[in-house]
Amino acid sequence: MLSQGDMDTLYMREALRLAEKAFEEDEVPIGAIIVSRGKIIGKGYNLTERLHDVTAHAEMQAFTAASNFLGGKYLRDCTLYVTVEPCVMCAGASYWTQVSRIVYGAKDEKRGSSKYGSLYHPKTEVVAGVLAEQCGELIRSFFRNKR
C-alpha cells in the first residue's frame, strides 16, 4: 500500500500532465485534479484564453467537474491537487466547497493566496511543495517564452 506522500506524488503527476496540456494550448500551465476515495472525480486546466473568462482557472474547472460527478456542491472527503498555489479566487472557492485537503506544487510568490493569510476552510489541510521543482519549472518556462 502506498504512503500518503507517495499518493500525493502520484496524483500531482496527473495534475502536471494537465498543466502540460495547458502549456501546449498556450494557456498558463496549471493543472488540477480532485480525488475522492482513491478515484479522480474532477480534472481541469487553465482555459482562460480559450473561454475568454478570467475565472476559468484549473481549480475552478476541477471543482465544477467534481461537484457534477458527486451531484452536490460540497467536496468533503476530497483532495484537490494543483500544480501551483491557488490564487485568492480559487482559495475562496475551495473554502465554499469545504474540500478536505489541498495539495499544491509550486508556490506563487506574486498571486498566491498565502500572501493574504489563511483563506481556506478551517478544516482544510494544506500540503505545499509536492513536485514543486517540476511544477515551477513548467510555469517559469511558459513565461520565459512569452517575454
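Bear in mind the structure is a predicted one, so any value in this text is a computation, not a measurement.
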**OP:** Indicate if I33 and L2 have the same hydrophobic cluster label, given that clusters are the connected sets of ILVMFWY residues with side-chain heavy-atom separations under 4.5 angstrom.
**Re:** yes

Original post:
Is any side-chain heavy atom of L75 less than 4.5 Å from a side-chain heavy atom of Q98?
Top reply: no

Name every donor-acceptor pair, under 3.5 Å, that has one atom in a side chain of residues 115-123 and the other anywhere in the protein, sequence neighbours excluded.
{"from": "K115", "atom 1": "NZ", "to": "K110", "atom 2": "O", "distance (Å)": "3.3"}
{"from": "Y120", "atom 1": "OH", "to": "S113", "atom 2": "OG", "distance (Å)": "2.9"}
{"from": "H121", "atom 1": "ND1", "to": "K123", "atom 2": "N", "distance (Å)": "3.1"}

**OP:** Look at the side-chain heavy atoms of Ile, Leu, Val, Met, Phe, Trp and Tyr, link any pair under 4.5 Å apart, and say whether L131 and M7 land in one connected group.
**Re:** yes

Original post:
Under a 4.5 Å cut-off applied to non-hydrogen side-chain atoms, are K43 and L18 in contact?
Top reply: yes

Original post:
Is there side-chain contact between V130 and Y11, with heavy atoms separated by less than 4.5 Å?
Top reply: no

Subject >> Y45-E25 side chain donor-acceptor pair, cut-off 3.5 Å >> reply: yes

Subject >> Path from V82 to I139 over hydrophobic side-chain contacts below 4.5 Å >> reply: yes

Original post:
Which heavy atom of P86 sits nearest a heavy atom of A91, and at what distance?
Top reply: CB-N, 4.1 Å

Original post:
If only atom types and distance count, is the side chain of S141 paired as donor or acceptor with the main-chain N or O of E137 below 3.5 Å?
Top reply: no

Original post:
Does V28 reach the side chain of F143, with side-chain heavy atoms less than 4.5 Å apart?
Top reply: yes

Subject >> Any donor-acceptor N/O pair, T83 side chain to G31 backbone, under 3.5 Å >> reply: yes

Original post:
Does the side chain of H57 come within less than 4.5 Å of Q61's, by heavy atoms?
Top reply: no

Original post:
Between L70 and C78, is any pair of side-chain heavy atoms under 4.5 Å apart?
Top reply: yes

Subject >> Audit row: I40, I34, side-chain contact (heavy atoms from CB on, under 4.5 Å) steps and yes/no >> reply: CA-CA 6 Å; I40 296 172; I34 296 179; over 6 Å; no

**OP:** Return yes if a side-chain donor-acceptor contact under 3.5 Å exists between N46 and T48, otherwise no.
**Re:** no

Original post:
Minimum heavy-atom separation for A19 to P29, with atom names?
Top reply: O-CB, 3.3 Å

Original post:
Relative to the ring of F142, is the ring of F23 parallel (under 30°), tilted (30 to 60°) or perpendicular (over 60°)?
Top reply: perpendicular

Original post:
Side chains of E49 and D26: does their closest heavy-atom pair fall under 4.5 Å?
Top reply: no

**OP:** Kindly compute the distance separating SG (C135) from CG (D108), expressed to the nearest 0.5 Å.
**Re:** 12.5 Å

Original post:
Do R101 and V103 touch side chain to side chain, with heavy atoms closer than 4.5 Å?
Top reply: yes

**OP:** For the pair T79 (side chain) and I102 (backbone), establish whether a donor and an acceptor sit closer than 3.5 Å, ignoring hydrogens and angles.
**Re:** no

**OP:** Measure the spacing between SG of C90 and CE of M60 and express it to the nearest 0.5 Å.
**Re:** 5.5 Å

**OP:** Could you tell me whether E20 and R13 have a side-chain N and a carboxylate O separated by less than 4.0 Å?
**Re:** no

Original post:
So does K21 pair up with E24, basic N to acidic O under 4.0 Å?
Top reply: no

Subject >> Short side-chain to backbone donor-acceptor contact, E59 and A32, under 3.5 Å >> reply: no

**OP:** Take E125 and S100 through the test side-chain contact (heavy atoms from CB on, under 4.5 Å) and record every step on the way to the result.
**Re:** CA-CA 6 Å; E125 174 192 356; S100 297; over 6 Å; no

Subject >> Atom of M89, atom of V54 and distance for their closest heavy-atom approach >> reply: CE-O, 4.0 Å

Original post:
If only atom types and distance count, is the side chain of N68 paired as donor or acceptor with the main-chain N or O of T64 below 3.5 Å?
Top reply: yes

Original post:
When clusters are formed by joining ILVMFWY residues with side-chain heavy atoms under 4.5 Å apart, either directly or through shared neighbours, do V35 and V127 land in the same one?
Top reply: yes

**OP:** Starting from the C-alpha separation in whole Å, work towards a yes-or-no answer on side chain to side chain donor-acceptor pair (under 3.5 Å) for K73 and T97.
**Re:** CA-CA 6 Å; K73 62 185 178 181; T97 70; over 6 Å; no

Subject >> Donor-acceptor contact below 3.5 Å, side chain E85 vs main chain Y104 >> reply: no

